[in-house]
Novice: 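The following block contains the structure, expressed as structure tokens.
One-based numbering, in listed order, for ligands and for the atoms of each. For clarity, every value in this text was computed on a predicted model and none was experimentally measured.
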Amino acid sequence: MEFSRALVIGAGQMGSGIAQVMAQSGLTVVIRDIKQEFVQKGINGIDKNLSRNVEKGKMTAEEKTAVMSRISGVVDLDEASCNVDLVVEAAIENMDIKREIFQTLDRLCPAHTILASNTSSLPITALGALTKRPDRFIGMHFFNPAPIMKLIEIITGMATSEETYNAVKALAEKLGKTPVKVSDAPGFAANRIMIPMINEAIYCLMEGVASAEDIDNCAKLGYAHPMGPLALSDLIGNDTVLYIMEVLYNGFGDPKYRPCPLLRKMVQAGYMGRKSGKGFFEYNK
Ligand SMILES: NC(=O)c1ccc[n+]([C@@H]2O[C@H](COP(=O)([O-])OP(=O)(O)OC[C@H]3O[C@@H](n4cnc5c(N)ncnc54)[C@H](O)[C@@H]3O)[C@@H](O)[C@H]2O)c1
């Protein structure tokens, strides 16, 4: 199956990045968010990213104009905006919100449309079962920032068809990404490895084992990680990190996955990381 039109749900950091990647590969993309200002912020972010690419000589101004002409935004979902071959959902990590989104999409999208979720942790089998097309439901887990990171975890639910998997794998390759096939288990593979490491770094900070800078230096200088775990938590969003830890904790029923109390407190304080301007580090807005 060839994809030519896509709908991205959520114009936040992941949704806007995913829309950019798809438009750069020639797809026509509609972005949907709950408020016009959020849609516009997402589109402005893409414009800024592409302008930076033009300044660096990575693309021409004409190419940028062509990419931007393939992107539009909506707030109200209707049959026209849902007349697409693929939907990638990148709204906030909350089961109730995703349930409502997928039930609406299932009603409005044509029968052939594949529904994909960029969820970091929610079960693909359960999300697919909310729709009447679980065979055309799949996880398409991009990494942050989506235009740069090469990996896409493709998560097959219990009912996902081989045809859906093959079509999404081919699309991932067309987007210039490297897909890996992962079965539906809490945290999938990448986050099950990475998020508990971030959580442990937050425990180290809470217990006064080392300063935030030095904890990150351990990973950067000791293990050649490009970024420390606390800076990575700020990049992902501390609310998302907490949510994924909760999914691991509840999904496995194993106390080794309990979220660090300091992480919970940071989220309660609104210190979400880069997107709020403050997390384990400060960011200029
Ligand atoms: N941040 C990361 O590093 C990362 C990486 C991979 C996957 N993810 C996943 O991607 C998804 C989005 O994460 P994010 O970091 O972009 O979050 P974000 O907070 O930056 O953006 C979420 C957006 O969804 C919008 N939204 C909320 N309800 C909506 C609805 N009903 N319809 C349309 N839009 C709605 C919000 O207004 C917001 O603009 C989550 O499922 C997250 O787990 C995040």
Novice: Does ligand 1 come near enough to Glu100 that some N or O of the ligand is less than 3.5 Å from an N or O of the residue?
Specialist: no
Novice: Nearest non-hydrogen atom to atom 29 (C) of ligand 1 belongs to which of Ile34, Thr119, Val8?
Specialist: Ile34
Novice: Does the N or O separation between Asn144 and ligand 1 drop below 3.5 Å for any pair?
Specialist: yes
Novice: Looking at Asn238, Asp239, Asp234, which one forms a side-chain hydrogen bond (donor to acceptor under 3.5 Å, both in side chains) with Lys275?
Specialist: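 The passing option is Asp239.
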Novice: Any side-chain heavy-atom pair from Tyr243 and Leu122 closer than 4.5 angstrom?
Specialist: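 Tyr243 reaches Leu122 side chain to side chain.
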Novice: In ligand 1, which numbered atoms sit nearer than 4.0 Å to a non-hydrogen atom of Thr240?
Specialist: 43 (O)
Novice: Under a 4.0 Å N-O cut-off, is there an ion pair linking Arg136 with Glu163?
Specialist: no
Novice: Could you check atom 37 (O) of ligand 1 against the protein and tell me its nearest heavy-atom contact, residue, atom and distance included?
Specialist: Asp33 OD1, 2.7 Å
Novice: So is Phe142 close enough to ligand 1, meaning a heavy atom under 4.0 angstrom away?
Specialist: yes
Novice: Decide whether Thr119 and Glu93 meet the rule of one side-chain donor and one side-chain acceptor closer than 3.5 Å.
Specialist: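 Side chains of Thr119 and Glu93: pair found under 3.5 Å.
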Novice: For ligand 1, note which part of Arg32 has a heavy atom under 4.0 Å away: side chain, backbone, both or neither.
Specialist: both
Novice: Would Arg32 and Asp76 pass as an ion pair if we require N to O under 4.0 Å?
Specialist: no
